[in-house]
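Note on naming: letters A, B, ... go to the chains in the order of the sequence lines (proteins, then strands), and numbering restarts at 1 for each one. Heavy-atom basis, side chains included; hydrogens, waters and symmetry copies ignored.
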There are 2 protein chains.
Amino acid sequence: MRKGPGTNGQGVAGSSRPRPTLRDVALRAGVSAKTVSNVINRTAPVSEETRLRVDRALVELDYVPNLSARGLRNGRSDLIAVALPDLASAYSAEIAHHFITLAGEDGLGVQLEETYGKADREIQLLSRAKAHLVDGLILNPVRLETSAVQRGIVLPPVVLIGEVHQPIADHVWIDNVGASRDIVALLINEGHRRIAAVGATKAESARQRLQGFREAHAAAGLSVRPELEIPCVNWDGGGGYRAVAGFLAEHEPPDAIFCMTDAMAIGAISALAAAGLRVPDDVSIAGYDNVWEARFAHPPLTTVDFDKRRLARLALELLSARIDDTARPIQSVTVPYSIVRRDSIRSRRS
Amino acid sequence: MRKGPGTNGQGVAGSSRPRPTLRDVALRAGVSAKTVSNVINRTAPVSEETRLRVDRALVELDYVPNLSARGLRNGRSDLIAVALPDLASAYSAEIAHHFITLAGEDGLGVQLEETYGKADREIQLLSRAKAHLVDGLILNPVRLETSAVQRGIVLPPVVLIGEVHQPIADHVWIDNVGASRDIVALLINEGHRRIAAVGATKAESARQRLQGFREAHAAAGLSVRPELEIPCVNWDGGGGYRAVAGFLAEHEPPDAIFCMTDAMAIGAISALAAAGLRVPDDVSIAGYDNVWEARFAHPPLTTVDFDKRRLARLALELLSARIDDTARPIQSVTVPYSIVRRDSIRSRRS
DNA sequence: CTGAAAGCGCTTACAG
DNA sequence: CTGAAAGCGCTTACAG
């Protein structure tokens, strides 16, 4: 926490006349502070004449309410925190965008945080939420075991998004296992047999997407060779590139690759190109997330789509409800997904 | 502004015992509130024994300070706002990421906002900053004429980033004209003559990049045909796609295309592919920003690079200095750029 | 419709 | 080293 002089100063660029308070406005308008407050917040009806006098004083003094004071009094800051693993990914950025837009429509500001899946950051953020600077928290934990959200912990109003779920908090997510199963089933159905999965890590999302990958194989009576489950810790373009380049250095190219994010898929396409392999002629590629780049990838990416705006809206609704009533029953909501087929996969059916 | 019950409740998931205050901790430890405050903030030395008693009470009550109260008292919230035109772009996301990370290292939270280049949003944000919920504001205005930051206005501590500059506020930016001139000069130098520019809009960044485009031509003794300055309002993949597709429907393909962002460049490559044109064999492409996708584009994109982390750090330093001293002289800092050459351009020199 | 009092939870002088 | 008082700027009861 930084220290600073308890300044109230805030002035015209350069100068520093002290900021006017409610009392200053009241004095100037010849009314009480309460009346000014009533005018500003429409808390109680104010006579036309008084309102005009107050309005004038408000403008003349360029009054802006002190939200810290209001927050202290009301027990609300009208600010929420949204904590995502990592903003640098297109996926997180899109999610953040929807949260900021939708929260803004409700008059709520969004403090954005990155956790990098680290438990200590999560704990810190929960604290900050408890510290009442924010009214609540949207949290996307990465690993179940290391998540700060565990049974028995004291929680501020919090809604979890993503794959990690604890029955002590509200939750919005997508059926990752089902989505991965479906998109891999599509690859199998198109005649691909030697299918690789890129993105194996300890993250819960990786676990679920890998499970879907395996289930699709099992359902088709196929077995998965372990080397085809390619690890990749960095779920970004560079990670996908290195994972696939490394694989190609030691193995025959697969028929198809299921990348656990579109970002990795784009890196994978690049690695294939570097190895002289064409998509989809030589290798088919499927992604996950349907970020905007997926549509303009070369070739356009087949991927898992879901309504990110809806995800954000649902999470915000749950959070608002939780802020209003900490004792309400825990709720878990699922957002539907769909498979978007584009040119990155071809049929191998003869 | 939302209304809510002035609740102080915040409890174990489900229950709602009131949150302990400094006074509760003091009572339990048998000391004064001031002493507890001293322990927490290390404001004054506290005897070993007292400190242990206070620490125990702190833990037993699971005390978390109320930051609204602290903010009211200190005149600081340790929260800043960062307002970018649009988070959904990879460029903005990367910038936001650096601001959040670096501000976090200084113990500052970041409230992220999107302005969409709208002046009323900018005004609103400046107000919010003045409302003391945030200590200061990093703002990226889009158009000079419509920016809320104008001479004579009362400003909270604010640092401008990007192309729009007003001499009444600190500013960090990149020499857009020079960068654009250099990358277009590279295209000309490689033998390209019919060069298109994609992204003409009323935004200040478009104006400057177009100016660089023209200057490069002028320096080489070339003239620019007006139809080669292709308008594109949406600076994203879709915008670039439509702009180039539309151009190709009515004109011969150019030798090369300078896209004013990498995102548009990626869309442009897609549009060229759809028209049966290869990059760089048929058309060379250059972008701007060096977002991570640029490296994994197909082919990898030649683009303008600059240190986004450094940009963020400089802006944060200026903001901190401004918060500490509203009267200090206005400062403007330039971040250097460089041209990153990748496979998206080829030589046409015979 | 309007006002005077009290207090949200903290920290800064000021005493001891 | 520790405490009692005062106040940051607002809003909620409570009176009139």
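Whole-Å rounding puts the Leu58(A) CG to dC10(D) P distance at 11 Å. For the pair Lys34(A) NZ and dG16(D) P, the interatomic distance rounds to 17 Å; values are reported in whole Å. Distance Arg42(A) CZ to dC1(C) P: 15 Å, rounded to the nearest Å. Taking atom CG of Asn41(B) as the reference point, atom P of dT12(C) lies 8 Å away to the nearest angstrom. Between Leu22(A) atom CG and dA4(C) atom P the separation is 14 Å, expressed in whole Å. Atom CD in Glu48(B) sits about 13 Å away from atom C1' in dC1(D), given to the nearest Å. Atom CD in Glu49(B) sits roughly 13 Å away from atom P in dC1(D) (whole-Å rounding). Protein atom CZ of Arg23(B) is 9 Å distant from nucleotide atom P of dC8(C), rounded to whole Å.
Considering CG of Leu79(A) and OG of Ser68(B), their distance stands at 9.0 Å, rounded to 0.5 Å. In this structure, CG on Leu102(A) lies 8.0 Å from NE2 on His97(A), to the nearest 0.5 angstrom.
If Ala69(B) and Val31(B) are placed on DNA chain D by their nearest nucleotide, the residue sitting closer to the 5' end is Val31(B).
The side chain of Pro65(A) approaches dC10(D) more closely than any other nucleotide in the set dC10(D), dT2(D), dT12(D). Distances from the side chain of Asn66(B) to the nucleotides dG3(D), dC10(C), dA13(D) place dC10(C) closest. In this structure, the nucleotide among dT2(D), dA13(D), dG9(C) sitting nearest to the side chain of Leu72(A) is dG9(C). Of the candidate nucleotides dC10(D), dG3(C), dC1(D), dC1(D) has the atom lying nearest to any side-chain atom of Pro45(B). Of the listed nucleotides (dT2(D), dC10(C), dT2(C)), dC10(C) has the atom at the smallest distance from the side chain of Arg70(B). In the set dT2(C), dC10(D), dC10(C), the nucleotide with an atom closest to the side chain of Arg73(B) is dC10(C).
OP1 or OP2 of dT2(C) sits under 4.0 Å from a side-chain N or O of Ser47(A). The phosphate of dT11(C) has OP1 or OP2 within less than 4.0 Å of a side-chain N or O from Ser37(B). For dG3(D), the OP1/OP2 oxygens have a side-chain nitrogen or oxygen of Thr35(B) closer than 4.0 Å. Distances shorter than 4.0 Å separate none of the side-chain N or O atoms of Thr21(A) from OP1 or OP2 on dG9(D). Contact between the side-chain N/O atoms of Thr50(B) and the OP1/OP2 oxygens of dT2(D) is found at a separation under 4.0 Å.
Ring geometry for His171(B) versus His165(B): interplanar angle under 30°, hence parallel rather than tilted (30 to 60°).
Side-chain contact check for Ser92(B) and Asp86(B): no donor-acceptor pair (N or O, by modelled atom type) lies under 3.5 Å.
Of the charged side-chain nitrogens involved, at least one lies within less than 4.0 Å of a carboxylate oxygen, so that Glu60(A) and Arg28(A) count as a salt-bridged pair.
Using Watson-Crick or G-U wobble geometry with both donor-acceptor distances under 3.5 Å, dG16(C) finds its partner in dC1(D).
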- prompt: So Leu311(A) and Ile95(A), side chain to side chain contact (heavy atoms under 4.5 Å, CB included) or not? Walk me through it.
  reply: CA-CA 8 Å; Leu311(A) 168 84; Ile95(A) 295 284; 3.4 Å; yes
